[in-house]
Enquirer: 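Dropping the structure in here first, questions after.
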Amino acid sequence: MSEHVSSFQAPTGTHDVLGPASAQWEGLVAIFADFAYRYGFSLVISPLFEDVGVFNRGIGEHSDVAKKEMYVFEDRGGRTYALRPEGTASVVRAFVQHQPTTPWKAWYVTPAFRYERPQAGRFRQHHQLGVEVLGTDDPAVDVEVITLAWRFYEAIGLRRVRLLINSMGHDECRSAYVELLREHLRDNVLSLCDEHRKVWNENPLRVLDCKKDECVAVTSRGPMLPDHLCDDCREHFAAVVAGLFSLGIETTLAPRLVRGFDYYTRTTFEFVADALDGAQNAIGGGGRYDKLAEQLGGKPTSGIGFGTGIERLLLTRAAENPHAPDLVNRELDVFVVDTTGEDSATVLLDTLRQTGLAADRAYDGRSMKSQMKVADKSGARFALLIGPQELAAGEVTIRDLRSDNFEQAQQRVARADVVAVIADLLSK
RNA sequence: GUGGGCGUAGCUCAGUUGGUUAGAGCGCCAGGUUGUGGUCCUGGAGGUCGCGGGUUCGAUCCCCGUCGCUCACCCCA
């Protein structure tokens with residue numbers, strides 16, 4: 001800042017996550033990875049950018065995300081790519097490309113990019129955790145995916161989360177329904193809100209999602225999707241709801257829940273955090289996409305997935321309980337203070353770390369007082385002091401940084417015994 | 001894309017109804033005699049008052065523009 005050179009900052013809508021906040025991320029990802037493992041999922045890593053067609057065909061060219069929110073660019077070879085705006089399309093593209101044996105259960109953690117104006121809980125780069133299951137339309141897998149999400153939310157301490165669930169039907173029963181809805185909207189065009197009065201015909205389902213009083217009044221008098229499902233879809237939906245009920249997972253039937261991506265069929269769901277009173281209270285969502293693999297050039301393959309936003313999860317945790325415990329412990333065990341200027345600290349640290357302890361030190365040959373201050377701020381449980389006396393005696397002074405009694409707080413032990421003594425002290 | 005609020009030290013903010021060397025708290029660094037943190041005391045470093053232009057004898061303060069942050073709409077995680 002002292003120079004007149006211009007500097008840089010993170011692009012609009014993006015953020016650097018530094019410690020200690022980043023430890024919360026580590027914790028979330030680690031817990032989710034563990035859940036995924038316990039539910040039989042394996043990690044899938046796919047590219048952050050794809051041929052733009054993957055997303056256009058996947059999420060639908062008429063969706064808002066595809067129309068105006070994608071980061072599209074041309075590379076030096078003239079190919080048109082887009083940064084992934086969500087996780088599912090890439091994973092399904094990978095499935096189609098590699099044709100793993102089914103059912104294929106994959107989980108991911110990824111950034112997602114959307115060109116939007118940032119606001120509370122919404123960014124141009126956000127991060128999602130998610131799972132996908134390809135190759136079965138068994139309602140049991142719908143239940144399993146939703147259960148994984150639900151139990152995960154419980155595990156990270158969320159208490160005020162509601163599960164909204166709906167069925168979009170399959171191609172035929174949905175398009176039949178859309179026609180019914182279209183007729184109903186046509187008869188009531190003048191009663192719709194300003195915006196939908198113009199565009200209701202392009203995608204009638206979107207009107208269901210409108211929160212304006214005018215649109216709500218019209219659609220609530222009109223046909224509802226769950227009432228117009230075919231027998232198969234109705235049975236499938238009933239099986240999903242029954243499965244969740246048998247697990248004690250409370251569901252809210254949401255007949256007007258229409259999610260933003262066109263690929264959804266049958267089961268769709270969303271998790272809403274009541275602690276987030278802003279507009280951005282959806283912390284996760286997903287659904288079935290039985291036509292997506294075909295749309296991406298693969299064999300007809302059923303699929304279902306779920307994604308949840310890391311930033312919103314952390315916001316929700318903080319909103320529900322400002323004093324929520326850390327999701328992962330990143331405190332140091334010991335801090336080495338060495339004023340001899342020789343390599344005692346270097347050697348001792350190597351030993352400590354090899355035994356699995358978390359250990360750090362001060363640099364630049366600072367005074368003992370200065371190093372002790374750093375030790376204190378590091379949060380370490382113990383300080384290990386090496387001055388001329390310890391050096392000469394081949395010993396180390398162990399000081400308990402949580403004790404305020406000078407006499408009882410420290411003891412001198414032989415270098416060779418340090419690891420054992422520390423291990424013993426930490427186990428108490 | 002549209003609209004509101006805001007932009008002064010690393011952080012949170014005062015302040016100047018336009019006038020000499022711009023402040024506080026926290027944080028950071030160094031001391032408070034002989035090798036020891038957390039409290040306390042002292043001292044220090046650190047700011048083109050977002051950037052550009054205009055008005056003025058003079059602008060951090062007024063005006064315009066611009067960039068950025070933030071909140072909301074739309075939509076979404």
Side-chain angles (χ1 to χ4, degrees), chain A residues 1-15 18 59 63-69 84-88 109-130 149 193-196 199 203 206 209-212 258-261 270-273 276 278-286 306-316 335 337-340 362 364 366-392 397-407 409-410 412:
Chain A
M1 288 298 260
S2 57
E3 309 255 331
H4 286 197
V5 290
S6 61
S7 57
F8 298 101
Q9 55 183 314
T12 297
T14 70
H15 295 281
L18 316 181
I59 66 186
S63 69
D64 274 29
V65 169
K67 265 194 311 196
K68 55 185 191 185
E69 294 179 0
R84 59 162 55 150
E86 56 98 43
T88 299
V109 50
T110 180
F113 306 87
R114 293 179 202 167
Y115 192 88
E116 313 178 85
R117 288 290 295 273
Q119 60 181 279
R122 201 179 66 190
F123 315 101
R124 287 187 175 172
Q125 175 175 341
H126 74 280
H127 300 79
Q128 292 191 18
L129 296 160
C193 75
D194 292 346
E195 186 191 340
H196 286 112
V199 301
N203 191 348
R206 286 250 65 89
D209 204 29
C210 181
K211 276 114 192 156
K212 297 254 170 57
V258 175
R259 296 183 46 75
F261 304 135
E270 195 164 289
F271 294 96
V272 177
L276 297 182
Q280 276 66 244
N281 64 351
I283 57 174
F306 148 78
T308 192
I310 293 179
E311 287 86 351
R312 288 190 187 174
L313 290 177
L314 293 175
L315 284 173
T316 305
F335 194 95
V337 170
D338 180 358
T339 58
T340 66
D364 303 320
R366 302 219 253 168
S367 69
M368 177 159 287
K369 175 172 182 157
S370 169
Q371 292 194 44
M372 282 301 292
K373 286 189 175 186
V374 181
D376 182 53
K377 272 173 291 203
S378 77
R381 176 75 191 282
F382 297 100
L384 301 187
L385 284 66
I386 303 170
Q389 293 172 28
E390 288 86 349
L391 184 65
T397 294
I398 300 175
R399 178 173 178 75
D400 185 344
L401 290 171
R402 300 200 190 147
S403 169
D404 50 10
N405 182 313
F406 190 90
E407 294 306 320
Q410 53 186 58
R412 274 173 65 163

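The sequence lines fix the lettering, A, B, ..., with proteins before strands; numbering per chain opens at 1. Keep in mind that the numbers below use all heavy atoms, side chains included, and drop hydrogens, waters and symmetry copies.
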Enquirer: Have a look at A:I283 and say if it touches a base, only the backbone sugar-phosphate, or nothing, with a 4.0 Å heavy-atom cut-off.
Expert: sugar-phosphate
Enquirer: When you check the side-chain N and O atoms of A:Q410 and A:T397, is any donor under 3.5 Å from an acceptor?
Expert: no
Enquirer: Check this for me: does the side-chain of A:E390 come within 3.5 Å of the base of B:G35 through a donor and an acceptor?
Expert: yes
Enquirer: Name the nucleic acid region contacted by A:E116, choosing base, sugar-phosphate or nothing; use a 4.0 angstrom heavy-atom cut-off, strictly under.
Expert: base
Enquirer: Is it true that the side chains of A:E86 and A:Q128 contain a donor and an acceptor less than 3.5 Å apart?
Expert: no
Enquirer: Just call it for A:Q389: base, sugar-phosphate, or nothing, with non-hydrogen atoms closer than 4.0 Å on any strand.
Expert: base
Enquirer: Please report, rounded to the nearest Å, how far the P atom of B:A30 is from the CE atom of A:M372.
Expert: 15 Å
Enquirer: Which residues satisfy the side-chain contact (heavy atoms from CB on, under 4.5 Å) test with A:L315, sequence neighbours excluded?
Expert: A:L276
Enquirer: Anything below 3.5 Å on both distances counts as a pair; with that, list the stems of at least three consecutive Watson-Crick or G-U pairs involving RNA chain B.
Expert: B:1-7 with B:67-73, B:10-13 with B:23-26, B:28-32 with B:40-44, B:50-54 with B:62-66
Enquirer: Please work out if A:A375 contacts a base, only the sugar-phosphate, or nothing of the nucleic acid, heavy-atom cut-off 4.0 Å.
Expert: nothing
Enquirer: Start at the 5' end of RNA chain B and walk down; is the nucleotide closest to A:I386 or to A:V374 reached first?
Expert: A:V374
Enquirer: Does A:R366 reach a base, just sugar-phosphate, or nothing at all? Heavy atoms under 4.0 Å.
Expert: sugar-phosphate
Enquirer: Hey, does the side chain of A:Q119 come within less than 4.0 Å of B:C73's phosphate (OP1/OP2), counting only N and O?
Expert: yes
Enquirer: Tell me, please, which residues at least two apart from A:R124 pass side-chain contact (heavy atoms from CB on, under 4.5 Å).
Expert: A:T12, A:Y71, A:Y115, A:R117, A:P118
Enquirer: Starting from the 5' end of RNA chain B, give me the residue, A:M368 or A:Q9, whose nearest nucleotide shows up first.
Expert: A:M368
Enquirer: With 3.5 Å as the limit, what N/O pairs link the protein to nucleotides 2-5 of chain B?
Expert:
from : atom 1 : to     : atom 2 : distance (Å)
B:U2 : O4     : A:R117 : NH1    : 2.9
B:G3 : O6     : A:R117 : NH2    : 3.2

Enquirer: Provide a list of protein-nucleic acid N or O atom pairs under 3.5 angstrom, restricted to nucleotides 38-42 of chain B.
Expert:
from  : atom 1 : to     : atom 2 : distance (Å)
B:G38 : O4'    : A:D376 : OD2    : 3.1
B:G38 : N1     : A:S403 : O      : 3.2

Enquirer: If you measure from CG on A:L314 to CD1 on A:I283, what distance do you get to the nearest 0.5 Å?
Expert: 11.0 Å
Enquirer: Between the side-chain atoms of A:Q280 and the base atoms of B:C75, is any donor-acceptor pair under 3.5 Å?
Expert: yes
Enquirer: Give a yes/no on whether any side-chain N or O of A:T397 is located under 4.0 angstrom from OP1 or OP2 of B:U36.
Expert: no
Enquirer: Enumerate, atom names and distances included, each donor-acceptor pair closer than 3.5 Å involving a side-chain atom of residues 371-378 of chain A, sequence neighbours excluded.
Expert:
from   : atom 1 : to     : atom 2 : distance (Å)
A:Q371 : OE1    : A:D338 : N      : 3.2
A:Q371 : NE2    : A:D338 : O      : 3.1
A:Q371 : NE2    : A:R366 : O      : 2.8
A:S378 : OG     : A:A375 : O      : 2.6
A:S378 : OG     : A:A380 : N      : 3.1

Enquirer: Mind calculating the distance between CZ (A:R259) and C1' (B:C75) to the nearest angstrom?
Expert: 12 Å
Enquirer: Got a donor-acceptor contact below 3.5 angstrom from the A:R381 side chain to the A:R402 backbone?
Expert: no
Enquirer: Any side-chain N or O of A:Q128 under 4.0 Å from OP1/OP2 of B:A77?
Expert: no
Enquirer: Could you state the atom-to-atom distance from CG of A:D364 to C1' of B:A30 in whole Å?
Expert: 14 Å
Enquirer: For B:U36, does the base pair up with any side-chain atom of A:Q371 as donor and acceptor (N or O, under 3.5 Å, distance only)?
Expert: no
Enquirer: Could you tell me whether the side chain of A:Q125 has a donor or acceptor atom within less than 3.5 Å of a complementary atom in the base of B:A77?
Expert: no
Enquirer: It should be established whether A:S370 places a side-chain nitrogen or oxygen under 4.0 Å from OP1 or OP2 of nucleotide B:C29.
Expert: no
Enquirer: Taking only the side-chain heavy atoms of A:R312 (C-beta and beyond), determine which of B:C29, B:A77, B:G37 contains the nearest atom.
Expert: B:A77
Enquirer: Between atom CZ in A:F8 and atom C1' in B:C67, what is the gap in whole Å?
Expert: 14 Å
Enquirer: Where the side chain of A:K377 is concerned, which of B:A72, B:C29, B:A77 is the nearest nucleotide?
Expert: B:C29
